[in-house]
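For ligands, and for the atoms within them, numbers begin at 1 and follow the listed sequence. Computation of the quantities below employed the complete heavy-atom set of this structure, encompassing side-chain atoms and omitting hydrogens, waters and symmetry-equivalent molecules.
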Amino acid sequence: MSNLSELVAASRLPGEPIHTPMFIGGKPWRGSQDERVVRKSPAHGVAVTSTQRASVADLDAAVSAARQAFDDGRWSRLPAEQRATVLLKTAQLIREQADTLAWFETLESGKPLAQSRGEILGAAGIWEYAAGLARIVHGDTHDSLGERMFGLVLRQPVGVVGIITPWNFPFFILSERLPFALAAGCTVVVKPAELTPTTTLRLATLLAEAGLPEGVVNVVTGLGSVVGQALADHPDVDMISFTGSTSVGQSVMRAAAGNMKKVGLELGGKNPQIVFADADLDDAADAIAFGISFNAGQCCVSGSRLVVHRSVEAELVERVRAVLARVRVGDPLDAANHVGAIVEARQFAKIRGYIEAGRESQAQLVCGGESSSEGERYFVSPTVFRHVDPRGALAQEEIFGPVLAVTPFDTFDEAVALANGVPFGLAASIWTRDLEGAMQSLRAVQAGRIWVNCTITGGPELPIGGFKQSGIGRETGRYGLEEYTELKSVHVQLGARARWMA
Ligand code: NAD
């Protein structure tokens, strides 16, 4: 095999799968069954990485390492300044390793290399932000309780956190959670998605290099139905932060009930782009095309529904079509391509199923609809359907592919009803030049994230999360960090206490 840095520099495929072990108790962990799973690049049909399939015994070892590391205070009782130093050092190592991490991310996920690189560098910025936040975690004092009483509210780390992540943004989504849990003083067991575990495993070694004490972060790879489930069930885990599908989120919530774990759930979306008649249509068209094509539509905040005023519907759809006509789909290692591969055969078949159902419905196919799975390489071109029944599957269900469903509206109330008329409430974009209209819409639309005259943008400062079946709790920002804490109220008697039995 060629040297890793040469392969990365040349954006080439490895000659044989590159193995990365699990990470438990500060060390590489072989796994009790040493069973390996090979991942093929979904854009090339070639085996690129291998990882272990953990057993429940491995998961128990990881939880036990995290439990011990939490209980002895090696991390939670460190001065926050020292925790911040480790997070900052980690950010620096992520930046130094950005090319390699991005290369692995692209090989396993199929996303364009430049996008992967942007996500890795963006993730480094989140680690830096969380490092600052570590130093401002604080509680409250209540000096208003009278002469003889003083009140304190302590904000303490919740304990051992299990973080379960999906395959669509493996490194970025992890970085929206892990540094916040660490900033709060928690210890962690991470279970990355089966399809994209390598960058998470490599991050564990960077954390060790940055000086993170042993056992504070442990990574276990393997099947969600086995190790993910065991993590959600585990009586020694105090909180689960789960990001993934709504159906698995429901099962995680049921499992968490066993020992009343705290849960954070970031789930699916069916996000509307709401375009009013006075919007800048060129700007909106560009963003709508981006919103459905980004990450090949495999994005929880993908703008998969276009809810548009009837008077501009035809014109806007034509402009979206014109932008999409310039989108190049193909090999994510080729810098000329904007959209890479679909992550795997099952997801590809699911998207194809929705496109076929759309063709057979009364909806009109405007563009796209083509796909290819030749040589175990999975590509779907961005697809737009007009005249979509708002109650039908195309408009109601999360496809998680580059498929846009267009539905017109006539009145403001109808726009809001369409926007809110799905079980999800993750994100929404509003396009208008009218300030009052924008304000009234953002008040009325049920979504955890709203973009006005922009889409899929932001940073770690603001919280993210969903309404309705899109989740529970928030990640990132001050609120995100607070999710990884518990509050403790303390009343301190000053002077003599009034006796019960005088
Ligand atoms: P998924 O639910 O299939 O898997 C997510 C993770 O859960 C994986 O690590 C998987 O191994 C694990 N898992 C599977 N079964 C489990 C079980 N029984 N118990 C515990 N863990 C289990 O989701 P996916 O296919 O990887 O990702 C796509 C989904 O994720 C989409 O629905 C998307 O909307 C959602 N998502 C949401 C956000 C968000 O922030 N709201 C972000 C990204 C993805």
K.L.:
May I ask you to identify the nearest protein heavy atom to atom 28 (C) of ligand 1, giving residue, atom name and distance to one decimal place in Å?
P.N.:
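Closest protein heavy atom to atom 28 (C) of ligand 1: F400 CE2, 3.5 Å.
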K.L.:
State the atoms of ligand 1, each with its element, that fall below the 4.0 Å cut-off from a heavy-atom position in P166.
P.N.:
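By the 4.0 Å cutoff, the relevant atoms are 26 (O), 27 (O), 43 (C), 44 (C).
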K.L.:
Count the heavy atoms of every other residue, nucleotide or ligand shown that sit under 6.0 Å from OH of Y479, and state whether that count exceeds 12.
P.N.:
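Not more than 12 within 6.0 Å, no.
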K.L.:
Using a 4.0 Å heavy-atom cut-off, which part of L267 comes near ligand 1: side chain, backbone, both, or neither?
P.N.:
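Backbone only.
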K.L.:
Check the side chains of T221 and T51 for a donor-acceptor pair under 3.5 angstrom, ignoring hydrogens and angles.
P.N.:
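Absent: no donor and acceptor within the cut-off.
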K.L.:
When the aromatic ring centroids of Y484 and F70 are compared, is their separation below 6.0 Å?
P.N.:
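Centroid distance Y484-F70: not below 6.0 Å, so no.
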K.L.:
How far apart are the C-alpha atoms of E483 and R474, what are their side-chain angles, what is the distance that settles it, and do they pass the side chain to side chain contact (heavy atoms under 4.5 Å, CB included) test?
P.N.:
CA-CA 7 Å; E483 297 275 347; R474 293 293 180 268; 4.0 Å; yes
K.L.:
Please write down residue, atom name and distance for the protein heavy atom closest to atom 39 (C) of ligand 1.
P.N.:
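That would be C300 SG, 3.3 Å.
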K.L.:
Restricting to side-chain contact (heavy atoms from CB on, under 4.5 Å), what partner residues turn up for T196, sequence neighbours left out?
P.N.:
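Per chain and number, T196 pairs via side-chain contact (heavy atoms from CB on, under 4.5 Å) with E108, S109, W167, P170, A193.
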K.L.:
Which atoms of ligand 1 have any heavy atom of A193 under 4.0 Å away?
P.N.:
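Under 4.0 Å from A193, ligand 1 has these atoms: 8 (C), 9 (O).
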K.L.:
Where the closest heavy atom to atom 34 (O) of ligand 1 is concerned, which of R254, E398, R449 has it?
P.N.:
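It is E398 whose heavy atom sits nearest to atom 34 (O) of ligand 1.
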K.L.:
Only heavy atoms of I173, strictly under 4.0 Å: list the atoms of ligand 1 that pass.
P.N.:
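Ligand 1 atoms under the 4.0 Å threshold to I173: 42 (C), 43 (C).
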K.L.:
Identify the closest protein heavy atom to atom 2 (O) of ligand 1: which residue and atom is it, and at what distance?
P.N.:
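The closest one turns out to be S245 OG, 2.6 Å.
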K.L.:
Can you confirm, on distance only, whether ligand 1 has an N/O atom lying under 3.5 Å from any N/O atom belonging to N168?
P.N.:
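It does not: no N or O of N168 is found under 3.5 Å from an N or O of ligand 1.
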K.L.:
Indicate yes or no: does an N/O atom of W167 lie under 3.5 Å from an N/O atom of ligand 1?
P.N.:
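Yes, since at least one N or O of W167 sits under 3.5 Å from an N or O of ligand 1.
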K.L.:
Identify, for atom 20 (C) of ligand 1, the protein heavy atom at the shortest distance, and state residue, atom and that distance.
P.N.:
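Checking every protein heavy atom, the shortest distance to atom 20 (C) of ligand 1 gives G228 C, 3.2 Å.
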K.L.:
Could you check atom 7 (O) of ligand 1 against the protein and tell me its nearest heavy-atom contact, residue, atom and distance included?
P.N.:
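Protein heavy atom with the smallest distance to atom 7 (O) of ligand 1: F242 CE1, 3.1 Å.
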K.L.:
For atom 18 (N) of ligand 1, what is the closest protein heavy atom, and at what distance to 0.1 Å?
P.N.:
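Atom 18 (N) of ligand 1 sits closest to the protein heavy atom Q229 OE1, 2.9 Å.
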K.L.:
Going by heavy atoms in the side chains, are T90 and L212 under 4.5 Å from each other?
P.N.:
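Answer no - side chains too far apart.
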K.L.:
For atom 4 (O) of ligand 1, decide whether some protein heavy-atom distance is shorter than 4.0 Å.
P.N.:
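No, there is none.
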K.L.:
For E194, take its heavy atoms, then give the atoms of ligand 1 lying under 4.0 Å from any of them.
P.N.:
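Those of ligand 1 that fall under 4.0 Å from E194 are 10 (C), 11 (O).
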K.L.:
Before signing off on this row, confirm whether T243 and ligand 1 have an N or O atom pair separated by under 3.5 Å.
P.N.:
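No, since none of the N or O atoms of T243 sits under 3.5 Å from an N or O of ligand 1.
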K.L.:
Which ligand 1 atoms, with their elements, are less than 4.0 angstrom from a heavy-atom of P192?
P.N.:
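So the answer, numbered in order with elements, is 9 (O).
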K.L.:
For S251, counting its heavy atoms only, list the atoms of ligand 1 lying under 4.0 Å from any of them.
P.N.:
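Checking each atom against S251, I get 18 (N).
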K.L.:
With a 4.5 Å limit on heavy-atom distance, are the side chains of Y354 and T383 in contact?
P.N.:
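A side-chain contact is absent here, since even the closest heavy-atom pair is not under 4.5 Å.
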K.L.:
Would V252 count as a polar contact of ligand 1, with the cut-off being nitrogen or oxygen pairs under 3.5 Å?
P.N.:
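No, no N or O pair falls under 3.5 Å.
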K.L.:
Tell me which protein heavy atom sits closest to atom 35 (C) of ligand 1, plus the residue, atom name and distance to 0.1 Å.
P.N.:
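Answer, as residue, atom name and distance: G244 O, 3.0 Å.
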K.L.:
Compare all side-chain heavy atoms of R95 with those of E128 and state whether any distance is below 4.5 angstrom.
P.N.:
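Yes - at least one pair of side-chain heavy atoms lies under 4.5 Å apart.
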K.L.:
Name the closest protein heavy atom to atom 14 (C) of ligand 1, giving the residue it belongs to and the distance to 0.1 Å.
P.N.:
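Among all protein heavy atoms, the one nearest atom 14 (C) of ligand 1 is G224 CA, 3.5 Å.
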K.L.:
Using a 4.5 Å cut-off on heavy atoms from C-beta on, say whether the side chain of W75 contacts that of V86.
P.N.:
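The answer is yes; the side chains approach within 4.5 Å.
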K.L.:
Considering only heavy atoms from C-beta outward, does the side chain of F169 approach that of C299 to under 4.5 Å?
P.N.:
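Result yes, sub-4.5 Å side-chain heavy-atom pair found.
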K.L.:
Does ligand 1 have any atom sitting under 4.0 Å from a heavy atom of F169?
P.N.:
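The answer is no: ligand 1 sits nowhere under 4.0 Å from a heavy atom of F169.
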K.L.:
Tell me, do V216 and T187 make a side-chain contact under 4.5 Å, heavy atoms counted?
P.N.:
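They are in side-chain contact.
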K.L.:
Got more than 12 heavy atoms from elsewhere within 6.0 Å of CZ, R359?
P.N.:
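Yes, the 6.0 Å shell around CZ holds more than 12 heavy atoms from other groups.
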K.L.:
If you define the side chain from C-beta out and look only at heavy atoms, does anything of V237 sit under 4.5 Å from R67?
P.N.:
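Counting from C-beta outward, V237 and R67 never come under 4.5 Å.
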K.L.:
So, H234 versus D60: side-chain donor-acceptor pair below 3.5 Å or not?
P.N.:
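Yes, because at least one side-chain N or O of H234 sits under 3.5 Å from a partner of the opposite role on D60.
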K.L.:
Show me which atoms of ligand 1 lie under 4.0 Å from any heavy atom of L426.
P.N.:
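The atoms of ligand 1 under 4.0 Å from a heavy atom of L426 are 41 (N).
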K.L.:
Just which atoms of ligand 1 are under 4.0 Å from any heavy atom in K191?
P.N.:
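Once the distances to K191 are compared, the set is 9 (O), 10 (C), 11 (O).
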